[in-house]
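Comments concern the structure below.
We name chains A, B, ... by the order of the sequence lines, and we start the count at 1 in each one. Hydrogens, waters and symmetry mates are skipped; everything else that's a heavy atom, side chains included, is used.
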Amino acid sequence: MIRTREAGTLRAADAGTTVTLAGWVARRRDHGGVTFLDLRDGSGVVQVVVRDMESVHDLRNEYCVAATGEVRPRPEGNANPDLATGEVEVVVETVEVLSEAAPLPFPIDEHKSSNINEEVRLRYRYLDLRREDMAANIRTRARVTRVIREVMDENGFFDVETPYLTRATPEGARDFLVPVRLQPGSWYALPQSPQLFKQLLMVGGLERYYQIARCFRDEDFRADRQPEFTQLDIEMSFVEQEDVLALAEKIYQRIWSRVAGVEIPLPLPRMTYVEAMARYGSDKPDVRFGQELVELTGYFQGTEFRVFQAEYVGAVVMPGGAGQTRKELDGWQDWAKARGARGLAYVVFDAETGEARGPVAKNLSAEHLAGLAEAVGAVAGDAVFFAAGGKTASQELLGAARLEIGRRGGLIDESRWAFLWVVDFPMFEPLTDDKGEFAGWHAVHHPFTSPTPEWLEGFDKDPGSALSNAYDLVLNGTELGGGSIRIHRREVQQRAFEAIGLSQEEAESKFGFLLDAFNYGPPPHGGIAFGLDRTVALITGADTIRDVIAFPKTASGGDPLTGAPAPITPEQRKEAGVDFTPKPKASAAPAAE
RNA sequence: GGUCCUGUAGAGCAGUUGGAGUGCUCGCCACCCUGUCAAGGUGGAGGUCGCGGGUUCAAGUCCCGUCAGGACCGCCA
């Protein structure tokens, strides 16, 4: 090794020893006769004292250097309590430049972090990764995956890799496609998840599978979505829901214990989907604060206000919301319209008198107004927002308003880790066409999800009510992951396909290999998959998963560092066969896609 | 596909109702300085105001378009 010690590990006890360090110049303080260098390596920073001014005169920030010298206690009164190595310094005669650095495109060593343009950070990601926060995030990510592998190993799981070049899946997200040179006109798809392969592994008798797998989805991106992302993917045979949840809890408890130093009490709380929607207006509720939704459908029965003559009427209270200006209150209307609602009706309770005011108040009867504050749990000075209409849509609007209220009002306890299972999801949701008319059923989770035991016989007779054996793990309002017990009987799978309007022929052509496999004694099985990027983002406090991925992409799918995606040459086009025009097949081919 | 925000020196920002020379902090370059740790001091360099068009006597500022980055809606089994 070029160095004998890591800079960040030096302590008072090392005084008197001679060490060779190697790292980067984080900062230089030149006093004319003496120069102090902050030398940074992967372990941290230590102060290097140089008196031979010749050797440091040309040093600049982020030069890569090696320095040999004696570790000494700092002179009386010169210790720096802000540094782990602040008790000591390394006194060297000369410093060797291993490589020079050009002037930097943005500051690496900052006394306070500023928001550097993300595009510049990504173009120079190798410099961005030297910055304190990013360096810590990437290391934390590795700790998380190490803990995961440890727990999986302790519980008898086998890490199995599945193909990245596979077949397009008909349901779900848009696939990324890869042309196949040897078969022009045919394309691989990158997997949206290893879902089908892990079920095949169960048929294969592996019993306990896991993989830290890359997944690919060609959809629009968000702060917590990238075109390629990483899942902890798990599948188990001969298990019931309780077994999967118990394993997942073990994994997350260990991660938080080892990486965050926080002991999460088990078992984690659970909530049904119906309850989550009713109380929080979300299937991934943030339970770190109150302001639960209040259903008022019954309360407003018989009202003459036509807006409230609806399938569902609900409300959410904004504490102190009566103090908002008219402009702020109107702002909520725009906010609601931006997410496709007609508006967000409100009533404010006068801070002095408690009197209900606002445009909606005029439309309500004296009785309805008189009891309103009590019905919704509001006090003088509060505002109440209402949503009326379809139940799910109204609950979701109120749920979004609740989150906004929590954010604006500082009601969220940021120190909490609020884990929560959401269970008993509906098996299907209605699909609507362009006119908003019912157009069939759609699997909420995926079409291999088993109904709960009670719905095993009747799920296809009443798809709108059937519950599935699916579960989501939620943390602080973010979906960490989800899974289900799968259907393992061919006959049940057939009925599930029929319920979502997938004919036997279509099912055969798309999932035939899975259905074939299910002819050979498939074990009962189930599993779960977790978003590793989101998990690490939460535990590090990162604002976006881009900050916990070494080389992420921008919102338009580009990578400013490599310039990907890039045009291809005509030769590549030709060779890849991307322009191949398939011959129209005879009408006899049933599986034509 | 839609809505919104941002784009001014290498970085972070300011720039008023359109009005004479676009400014501040950090960084960069040169020099001074022997105990700093966000070192300090003196001097200096560095700008197609994202790009294109329009309105105007006059545009960093107003309008239209476009590109890039970001947030959100749709989408993401």
Inset, instruction - Return yes if the base of B/G12 and the side-chain atoms of A/E110 contain a donor-acceptor N/O pair under 3.5 Å, otherwise no. - result: no

Rounded to the Å, how far apart are [X] [atom1] and [N] [atom2]?
{"X": "A/L37", "N": "B/C37", "atom1": "CG", "atom2": "P", "value": "15 Å"}
{"X": "A/E87", "N": "B/G35", "atom1": "CD", "atom2": "C1'", "value": "16 Å"}
{"X": "A/N115", "N": "B/C5", "atom1": "CG", "atom2": "C1'", "value": "14 Å"}
{"X": "A/R51", "N": "B/U34", "atom1": "CZ", "atom2": "P", "value": "11 Å"}

Contacts under 3.5 Å, N or O only, protein and nucleotides 23-33 of chain B:
| residue | atom | partner | partner atom | Å |
| --- | --- | --- | --- | --- |
| B/C29 | OP1 | A/R60 | NE | 2.7 |
| B/C29 | OP2 | A/R60 | NE | 3.3 |
| B/A30 | OP2 | A/R60 | NH2 | 3.0 |
| B/C33 | N3 | A/D30 | O | 3.3 |
| B/C33 | N3 | A/G32 | N | 3.3 |
| B/C33 | N4 | A/D30 | OD1 | 3.3 |

Measuring only the [atom1] atom in each nucleotide, how far is [N] from [M]? A whole number of Å is fine.
{"N": "B/G50", "M": "B/A14", "atom1": "P", "value": "14 Å"}
{"N": "B/A59", "M": "B/U3", "atom1": "P", "value": "30 Å"}
{"N": "B/C62", "M": "B/U6", "atom1": "P", "value": "10 Å"}
{"N": "B/U42", "M": "B/C51", "atom1": "C1'", "value": "40 Å"}
{"N": "B/G74", "M": "B/G10", "atom1": "P", "value": "40 Å"}
{"N": "B/G18", "M": "B/U61", "atom1": "C1'", "value": "6 Å"}
{"N": "B/G12", "M": "B/G27", "atom1": "C1'", "value": "11 Å"}
{"N": "B/A9", "M": "B/G60", "atom1": "C1'", "value": "14 Å"}

Legend entry - Pairwise side-chain contact, A/V49 with A/F36, heavy-atom cut-off 4.5 Å (strictly under):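 In contact.
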
Can a donor-acceptor pair be found between the side chains of [X] and [Y] at a distance below 3.5 Å?
{"X": "A/D58", "Y": "A/Y63", "answer": "no"}
{"X": "A/Q199", "Y": "A/Q195", "answer": "yes"}
{"X": "A/Q47", "Y": "A/R29", "answer": "yes"}
{"X": "A/T9", "Y": "A/R11", "answer": "no"}
{"X": "A/S193", "Y": "A/Q231", "answer": "no"}

Is there a Watson-Crick or G-U wobble partner for [N] with both distances under 3.5 Å, and if so, which one is it?
{"N": "B/C4", "answer": "B/G70"}
{"N": "B/C13", "answer": "B/G23"}
{"N": "B/G46", "answer": "none"}
{"N": "B/G40", "answer": "B/C32"}
{"N": "B/C62", "answer": "B/G54"}

Heavy atoms only, 4.0 Å cut-off, all strands: where does [X] land among base, sugar-phosphate and nothing?
{"X": "A/A79", "result": "base"}
{"X": "A/P75", "result": "base"}
{"X": "A/E429", "result": "nothing"}

Inset, instruction - Could you tell me how the ring of A/H446 sits relative to the ring of A/F448: parallel (under 30°), tilted (30 to 60°) or perpendicular (over 60°)? - result: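 Tilted, since the angle between the ring planes falls between 30° and 60°.
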
Legend entry - Whether A/F216 and A/Y164 hold their rings parallel, tilted or perpendicular, with breakpoints at 30° and 60°: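 A/F216 and A/Y164: perpendicular rings.
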
Legend entry - Phosphate OP1/OP2 of B/U36 contacted by A/R29 side-chain N/O (<4.0 Å):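 For B/U36, OP1/OP2 do not have a side-chain N/O of A/R29 under 4.0 Å.
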
Legend entry - Along RNA chain B (nearest heavy atom to each residue), the more 5'-positioned of A/N80 and A/Q195: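 Result of the comparison: A/N80.
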
Inset, instruction - For A/D109 and for A/I116, find the nucleotide of RNA chain B with the closest heavy atom, then tell me which residue's nucleotide is more 5'. - result: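 It is A/I116 whose nearest nucleotide is closer to the 5' end.
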
Legend entry - Partner of A/V492 by side-chain contact (heavy atoms from CB on, under 4.5 Å), out of A/R489, A/H488, A/R490: A/R489

Legend entry - ring pair (Phe, Tyr, Trp, His ring centres under 6.0 Å) partners for A/F289, two or more places apart: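 Result, ring pair (Phe, Tyr, Trp, His ring centres under 6.0 Å) vs A/F289: none returned.
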
Legend entry - Cation-aromatic face contact A/R495/A/W455, 6.0 Å, 45 degrees: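 So A/R495 doesn't make the cation-pi contact.
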
Legend entry - Under 4.0 Å protein heavy-atom contact, by nucleotide of nucleotides 65-76 of chain B - B base, S sugar-phosphate only: ---SSSSBBBBB

